Amino acid sequence: MIESRLRLQDWAGNPWRRLSLLLIVLLTAFWIGSSIGAITGAADESDPVAALICVLALELATRLRRRLIDLPGDRLPLQLLDMTRIGMLYGLLLEGFKLL
């Protein structure tokens with residue numbers, strides 16, 4: 001786990017690679033967030049369960065972020081977590097506005 005993290009940080013040393021990695025994570029999380037909203041909206045039975053899972057996932061990511069801030073060194077894991085949170089939340093909000 002630590003070795004793969006170090007290899008990813010070495011690979012993302014190039015600013016363009018880092019930016020592309022963060023953009024891929026952001027767009028993937030956006031797709032996942034909008035897919036969750038669309039699928040549960042179509043099923044119309046599992047809305048509370050899906051909302052609970054999404055809230056728990058975002059809350060766990062927020063708690064994990066507090067620990068990642070204190071780590072010394074490269075901020076890539078923190079940036080990846082932030083892009084995941086932003087993308088998922090934006091996808092869920094956009095899907096919610098579609099239903100209005």
Side-chain angles (χ1 to χ4, degrees):
M1 173 85 172
I2 294 174
E3 183 179 326
S4 62
R5 185 175 130 207
L6 292 175
R7 289 183 69 196
L8 182 64
Q9 287 176 352
D10 288 342
W11 180 82
N14 184 339
W16 288 106
R17 286 183 184 166
R18 180 180 291 256
L19 183 63
S20 66
L21 180 63
L22 292 174
L23 188 61
I24 288 169
V25 169
L26 176 76
L27 293 175
T28 303
F30 173 77
W31 177 73
I32 290 171
S34 63
S35 296
I36 289 172
I39 291 170
T40 58
D44 198 35
E45 293 178 3
S46 59
D47 286 341
V49 176
L52 177 67
I53 291 170
C54 290
V55 167
L56 286 176
L58 290 172
E59 183 64 29
L60 288 174
T62 303
R63 291 177 189 258
L64 180 62
R65 186 182 192 283
R66 292 179 189 158
R67 292 188 183 146
L68 288 176
I69 288 175
D70 296 334
L71 289 179
D74 195 11
R75 296 285 185 192
L76 183 63
L78 179 64
Q79 291 172 343
L80 289 173
L81 183 66
D82 284 343
M83 289 297 116
T84 304
R85 288 175 46 224
I86 291 169
M88 189 170 172
L89 185 61
Y90 184 67
L92 288 168
L93 286 174
L94 187 66
E95 202 58 39
F97 285 131
K98 286 181 188 176
L99 297 175
L100 288 178

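It should be emphasised that the depicted structure is a prediction, and the values quoted were computed from it without experimental measurement. Positions are given from 1 along the sequence.
- For the atom pair CD1 (I53) and CG (L58), the distance works out to 12.0 Å, reported to the nearest 0.5 Å.
- Separating the CG atom in L93 from the OG atom in S34 is a distance of 11.5 Å, to the nearest 0.5 Å.
- Across L22, L68, T84, a single residue satisfies side chain to side chain contact (heavy atoms under 4.5 Å, CB included) together with Q79, and that is L22.
- Linking ILVMFWY side-chain heavy atoms closer than 4.5 Å, directly or via other members, places V25 and F30 in two distinct hydrophobic clusters.
- At least one side-chain heavy atom of I36 sits under 4.5 Å from a side-chain heavy atom of M88.
- Here the closest non-hydrogen pair linking L92 and G33 is CD2-O, 3.4 Å.
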Could you walk me through whether L21 and M83 pass the side chain to side chain contact (heavy atoms under 4.5 Å, CB included) check?
CA-CA 10 Å; L21 180 63; M83 289 297 116; over 6 Å; no

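- Counted within 6.0 Å of CH2 on W11, heavy atoms from surrounding residues, nucleotides or ligands total more than 12; the atom is thus considered enclosed.
- L71 and L64 fall within the same hydrophobic cluster, defined by Ile, Leu, Val, Met, Phe, Trp and Tyr side-chain heavy atoms under 4.5 Å apart, directly or through other members.
- Atoms CZ and CG, on R18 and L80 in that order, are 8.0 Å from each other to the nearest 0.5 Å.
- Contact between P77 and R5 at its shortest, heavy atoms only, is CG-NE, 3.8 Å.
- Here the straight-line distance linking atom CG of L94 with atom CG of L89 works out to 11.0 Å at 0.5 Å rounding.
- Remark: side-chain polar atoms of R85 are not paired, donor with acceptor, to backbone N or O of E59 under 3.5 angstrom.
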Walk me through it: do Y90 and L26 pass the test side chain to side chain contact (heavy atoms under 4.5 Å, CB included)?
CA-CA 10 Å; Y90 184 67; L26 176 76; over 6 Å; no

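- A distance of 12.0 Å separates CG of L81 from CZ of R67, quoted to the nearest 0.5 Å.
- Taking CZ of R65 as the reference point, atom CG of D70 lies at 11.0 Å (rounded to 0.5 Å).
- The closest donor-acceptor contact from the side chain of S20 to the backbone of R17 lies under 3.5 Å.
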